[in-house]
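Accompanying notes for the structure given below.
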Amino acid sequence: MWPTFGIIVITSAIFWLELPKLKKNGQKRDIWCFSVILLTATSVSIMESKGMDVPNPLDYIQSFYKSIFSIIGL
Amino acid sequence: MENQTISPRQFMFIVILFTIGSSILIVPTPMAALAKQDAWLSVILSVMAGLLLVFLYNKIGESAKGKTFIQASTYAFGAWFGRLFSVFYLIFIYILAALVLRNIGDFMTTQIIPETPLQFTHILFLLVVIAGAYLGVQVIGRSAEIFIPWLILLLLFMVLSITPQISIDNLKPVLGNGILPVVKTSNIVIGTPFLEMVTLLMIFPYVKESKKTSHAWLLGALMGGGVLLLITLLCLLVLGPDLTALNAYPTYKVGEKINIAGFLEGLEIIIAIIWMITIFFKLIVLYYASSVGIAQFLKLKDHRPLLLPLGMGMVVLSIIAYPDVAYFETFVGETWMSYALTHGLILPLILWAGLAIKNKKSNNT
């Protein structure tokens, strides 16, 4: 409960910190990219704080190279 | 993106700090485990291989003509393939940054502040890094210039005060197991600082007087490699190969051994300061490179708004990246070398070829 609350507070703080500057530059694209990245980071953080299984990119890398090695026969 | 420049000298300092950072922490243990008392010979071998790599990166940086890696890949391969190319490169840098963050976090929690949760160490360390990346490459260069004398003084002090503990017998027999383990082990140091240097191609265009840049890069890599050699030698000379291989942080143990006439003791924190300075700079370069790279990839005007959201993601990634040290060791031992080789050698080679073809074409027309 508390970690999730904290993460949401941090997210909104970041949002209010950066949005005025982005609006001043007047780039809609920038605002979209920023929001999508922030939203992804927030949801991943909340998943992690709730103890859910967040997919680990290192697992994918490892299995990728393992399969490549088995193809070449190392 | 922004009109910030650094001088070749500052670039050299950044390269030195980048080479030492985090490798000083994690390299001696596996080296000593595999090559025993000859670990220092494989450091020499890998520094030579690393200089060849730096030579290649310099060539790429010159033929990119003032473009960063991301811009150069879209220039050489067009929008689609260039984008795909950049995605792999950016993921590599981002994961590497998360792993470096985890290295310092692991060290702090196991050795210095065991009660503090890992997340908070990471958040605090990353906040400073974000502040640095926010201010831009010029500030990074200047602060590197400020911290280099400290680093040299602390290293000198450590070397001088540990000299009484040195015993040359620990290095004997030289090449007792033949040359093969030495050659095999050299891939550790090639993988950990030198292949990661491909990141520096992101700040290469910001260096003014691009003619001197390649020289600075080579010199910086040589000096950083020299410090790595010195540290590995000290670990072997003071602790011996077996103790070095057993300790998670052998350099820290070396610091604990400092004892001048029973009066000057407990100086291991000096080593911790060296690590924090160097890892801070390595992380700041990686973080800056990844945020600027992502901003250029998405064609944004400014990379700064991305810094804080990316930091949130990085804290999570550094926590979930590996559940325990055993996972990390298998990852570094089995996968990291091939992963770094793909992104540090094969990708740059393809880019180099693409740039050469593109440059030739644009010269003809």
Side-chain angles (χ1 to χ4, degrees), chain A residues 2-3 6-72 74, chain B residues 87-88 90-92 94-96 98-99 102 117-120 122-123 126-127 130 134 290-291 294-323 327-328 330-343 346:
Chain A
W2 281 112
I7 289 164
I8 290 170
V9 167
I10 291 170
T11 307
S12 31
I14 293 174
F15 197 69
W16 291 121
L17 213 67
E18 300 287 354
L19 198 65
K21 288 181 215 158
L22 281 166
K23 266 195 175 155
K24 214 163 61 186
N25 285 343
Q27 285 266 334
K28 237 185 185 153
R29 219 182 112 80
D30 288 27
I31 298 175
W32 272 109
C33 292
F34 167 73
S35 313
V36 168
I37 292 177
L38 185 58
L39 216 67
T40 321
T42 312
S43 41
V44 173
S45 313
I46 290 176
M47 274 162 77
E48 159 66 17
S49 74
K50 289 216 176 245
M52 281 190 251
D53 262 341
V54 186
N56 182 1
L58 265 63
D59 286 339
Y60 297 123
I61 294 168
Q62 236 168 348
S63 55
F64 173 75
Y65 282 103
K66 262 199 194 119
S67 56
I68 285 209
F69 285 153
S70 63
I71 290 169
I72 332 172
L74 268 171
Chain B
V87 167
F88 283 109
L90 288 171
I91 291 176
F92 173 70
Y94 198 69
I95 287 179
L96 175 59
L99 289 179
R102 180 64 184 258
L118 198 58
Q119 288 91 330
F120 291 95
H122 285 186
I123 291 169
L126 204 58
L127 274 178
I130 288 174
Y134 191 89
S290 66
S291 61
I294 289 171
Q296 283 174 353
F297 176 75
L298 296 169
K299 293 216 166 69
L300 304 185
K301 270 189 178 163
D302 195 358
H303 74 279
R304 282 173 203 159
L306 298 181
L307 287 171
L308 285 165
L310 287 178
M312 273 177 92
M314 191 169 290
V315 171
V316 177
L317 180 57
S318 62
I319 299 291
I320 62 166
Y322 49 95
Y327 183 95
F328 179 63
T330 39
F331 180 75
V332 168
E334 288 169 12
T335 320
W336 180 255
M337 185 59 194
S338 26
Y339 188 51
L341 209 61
T342 318
H343 293 77
I346 298 173

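We use all heavy atoms of the structure for the numbers below, so side chains are in, but hydrogens, waters and symmetry mates are not. So that the names make sense, note that chain A is the first sequence line, chain B the second, and so on, each numbered from 1.
- Contacts between I91(B) and chain A at a heavy-atom distance below 4.5 Å are absent for every atom of the residue.
- Distance CG/D302(B) to CD/E18(A): 9.0 Å, rounded to 0.5 Å.
- Here T342(B) is the residue among T342(B), I294(B), L99(B) with the most heavy-atom pairs under 4.5 Å with chain A.
- For L19(A), no part lies under 4.5 angstrom from a heavy atom of chain B.
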- prompt: Step by step, would you call K21(A) with R304(B) a side-chain contact (heavy atoms from CB on, under 4.5 Å)?
  reply: CA-CA 10 Å; K21(A) 288 181 215 158; R304(B) 282 173 203 159; over 6 Å; no
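- I61(A) contributes atom CD1, which lies 5.0 Å from atom CZ of F331(B) (distance to the nearest 0.5 angstrom).
- Interface remark: of the candidates G313(B), G311(B), P309(B), P309(B) forms the most heavy-atom pairs closer than 4.5 Å to chain A.
- Considering only heavy-atom pairs separated by less than 4.5 Å from chain B, the leading option among L39(A), I37(A), T40(A), L17(A) is I37(A).
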field: Steps toward side-chain contact (heavy atoms from CB on, under 4.5 Å) verdict (V44(A), M312(B))
entry: CA-CA 9 Å; V44(A) 173; M312(B) 273 177 92; over 6 Å; no
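- S338(B) and F69(A) get closest at one heavy-atom pair: OG-CZ, 3.6 Å.
- Interface summary for chain B: among T11(A), I7(A), I10(A), N56(A), the most heavy-atom pairs under 4.5 angstrom belong to N56(A).
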- request: Decide yes or no on side-chain contact (heavy atoms from CB on, under 4.5 Å) for Y327(B) and Q62(A), but give the supporting numbers first.
  value: CA-CA 11 Å; Y327(B) 183 95; Q62(A) 236 168 348; 3.2 Å; yes
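- Contact annotation for T42(A): both backbone and side-chain heavy atoms come within less than 4.5 Å of a heavy atom of chain B.
- Here the straight-line distance linking atom CG of L308(B) with atom CZ of F34(A) works out to 7.5 Å at 0.5 Å rounding.
- When side chains are defined from C-beta on, I95(B) counts as touching P57(A), because their heavy atoms get closer than 4.5 Å.
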